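It should be emphasised that the depicted structure is a prediction, and the values quoted were computed from it without experimental measurement. In the text below, chain A, chain B and the rest are named by the order of the sequence lines, each starting its count at 1.
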Protein chains: 2
Amino acid sequence: MGKTFLFLDTITNKVDSKGRVSLPADYREIVKELSTNIVCYRSLSAPCIEGCTEELLAKLASEMESSLDFFSQTQDDLTNLIFGDARKFTFDSTGRIVLSEKLLAHAQITDSAVFVGKGRKFQIWSPENWAKEEKRIRAEIAKKRPSLTFSREGN
Amino acid sequence: MGKTFLFLDTITNKVDSKGRVSLPADYREIVKELSTNIVCYRSLSAPCIEGCTEELLAKLASEMESSLDFFSQTQDDLTNLIFGDARKFTFDSTGRIVLSEKLLAHAQITDSAVFVGKGRKFQIWSPENWAKEEKRIRAEIAKKRPSLTFSREGN
DNA sequence: TTGATTACCATAAAATCCCATGCTATACCA
DNA sequence: TGGTATAGCATGGGATTTTATGGTAATCAA
C-alpha cells in the first residue's frame with residue numbers, strides 16, 4: 001500500500017518578489033510518485049513553515065470522521081487550528097510554489113528559504129532562524145548524549 | 001475507495017445584499033471532483049454556519065442507524081437537529097451560493113463571510129466572531145500543550 | 001403583475017502558467 | 001586527469017487564465 005518516502009536534506013532556495021520558491025527536486029519527485037499534493041501550514045511550535053503530503057493530513061481527517069467525534073469540542077478546536085491554517089500548494093511546470101504572505105511572515109522569510117527534511121514532514125525556515133535552530137539542536141543533543149560527540153570540527 | 005479531499009485554509013469573501021457569496025475555488029473543486037453537493041446547517045455549538053459534502057451526512061446517517069452504544073439517544077437527537085436544519089446549496093456558473101436569512105442570522109454575518117476549513121467539514125463565520133474564536137482556540141491549545149508554544153526571540 | 005429567487009454577463013484583480021536564461025553538477029572523452 | 005559537453009535545476013519576466021464581485025436579465029410563485 002503506502003509507498004515509502006522521506007523528505008531529506010537541507011536546501012536553500014531563493015524567494016522572489018512574488019513569493020515563489022522552487023520546491024527541491026527530490027520533494028517534487030515524492031509528490032509525483034505518490035500523486036498527492038504538498039500542504040503547508042504555520043508550525044505550532046516554531047517560527048517556521050511546516051509541510052507534508054496531503055495524504056498525511058487526509059489520514060488525520062479520516063480518524064476524526066466517525067460519529068463519536070462528529071460532535072466533540074476538543075476535536076473541533078484542533079481541526080480548526082490545523083485544517084484552517086493549512087493550504088494546498090501545487091507547483092508549476094518549473095517546480096515552484098507560491099508561499100502566502102501569512103506563512104512568510106510567520107517564518108520571517110524574506111528572500112531566502114531553507115527546506116529541512118524531517119522524514120514524513122519538512123520545514124521551511126529563514127536562513128537566520130535555521131542557523132539558530134540548528135545550533136540549538138546540536139547543543140541540545142550534545143548535552144543529552146555526550147557520548148555521541150567525538151569531533152569538534154563541525155561547530 | 002473514497003478519494004481524498006480536504007476543506008482547508010481560511011478565506012474571506014464578500015456577501016452582497018442578496019446573500020450571495022463565492023464558495024472558495026478549492027471547495028468548488030472538491031464538489032466537482034466528487035460530483036456531490038454542499039450541505040449547510042447552523043452549528044450546534046457555535047455562532048457559525050457549518051458545511052460539508054452531502055456524502056458525509058449520508059455516512060453519518062448510516063452510522064447512526066447501526067450505532068447501539070450508550071450515547072446513541074443523545075447522538076440521535078443531535079443528528080435530528082442537523083438533518084432537520086440542513087439544506088443543499090448549489091452554486092451558479094460564477095461559483096456563488098446564496099445563504100439563507102436563517103443561516104446568516106445565526107452566524108451574525110452581514111457583509112463578509114470567513115470560510116474556515118476543517119478537513120471533511122468547513123465553517124462559515126463573521127470576521128468578528130472568527131477573530132474571537134481563533135484567539136480562544138489558540139489560548140486553549142496553548143494551555144493544554146504549553147510545550148508547543150514558542151517565543152519569537154527563539155528562547 | 002409583482003416580488004423574489006435564480007441564472008447569466010462584464011470587469012478588474014489576482015493567481016497561475018509557460019518561455020527563456022543562467023547556473024551547477026555530472027558524464028564523457030581525449 | 002583535466003577539460004568540455006550535457007542534462008537537470010533554479011530563477012526572472014511576461015502572457016494567460018481564474019476568481020471574485022457588481023450588475024442585469026430571465027424565471028418562478030403567489
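For A:Leu99 and C:dA15, the CG to P distance is 13 Å, given to the nearest whole Å. Between the C1' atom of D:dT19 and the OH atom of B:Tyr27 lies a distance of 15 Å, rounded to the nearest Å. Rounding to whole angstrom units, CZ of residue B:Phe115 and P of D:dT19 are separated by 15 Å. Nucleotide C:dC17 holds its C1' atom 16 Å from the CD1 atom of A:Ile97, rounded to whole Å. Rounded to whole Å, the distance from NZ on A:Lys32 to P on D:dG8 is 11 Å. The separation between A:Arg87 atom CZ and C:dA14 atom P is 15 Å, rounded to whole Å. Rounded to an integer number of Å, the gap from B:Glu29 CD to C:dT16 P is 12 Å.
A:Lys14 has its side chain out of reach of A:Asp111: every pair of non-hydrogen atoms, C-beta onward, lies at least 4.5 Å apart.
For A:Glu54, there are no salt bridge (charged side-chain N to carboxylate O under 4.0 Å, His left out) partners at least two apart in sequence or on another chain.
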Between the protein and nucleotides 20-26 of chain D, list the N/O to N/O atom pairs that are separated by less than 3.5 angstrom.
residue	atom	partner	partner atom	Å
D:dA20	OP2	B:Arg28	NH1	2.5
D:dT21	OP2	B:Lys14	N	3.1
D:dG22	N7	B:Arg96	NH1	3.1
D:dG22	O6	B:Arg96	NH2	2.7
D:dG23	N7	B:Arg20	NH2	3.2
D:dG23	O6	B:Arg20	NH1	2.5
D:dG23	O6	B:Arg20	NH2	3.4
D:dG23	O6	B:Arg96	NH2	3.4
D:dT24	O4	B:Lys18	NZ	2.6

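Taking the six-membered ring where the residue is Trp, B:Tyr27 and B:Phe122 present tilted rings, their angle falling between 30° and 60°.
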Check step by step if side chain to side chain contact (heavy atoms under 4.5 Å, CB included) holds for A:Phe115 and A:Asn13. CA-CA 8 Å; A:Phe115 291 80; A:Asn13 284 337; 4.3 Å; yes
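Contact check on A:Arg138 versus A:Glu134 returns a salt bridge, with a Lys/Arg side-chain nitrogen under 4.0 Å from an Asp/Glu carboxylate oxygen.
Other residues sharing a hydrophobic cluster with B:Val98 under the 4.5 Å side-chain heavy-atom criterion for ILVMFWY residues do not exist; the residue is a singleton.
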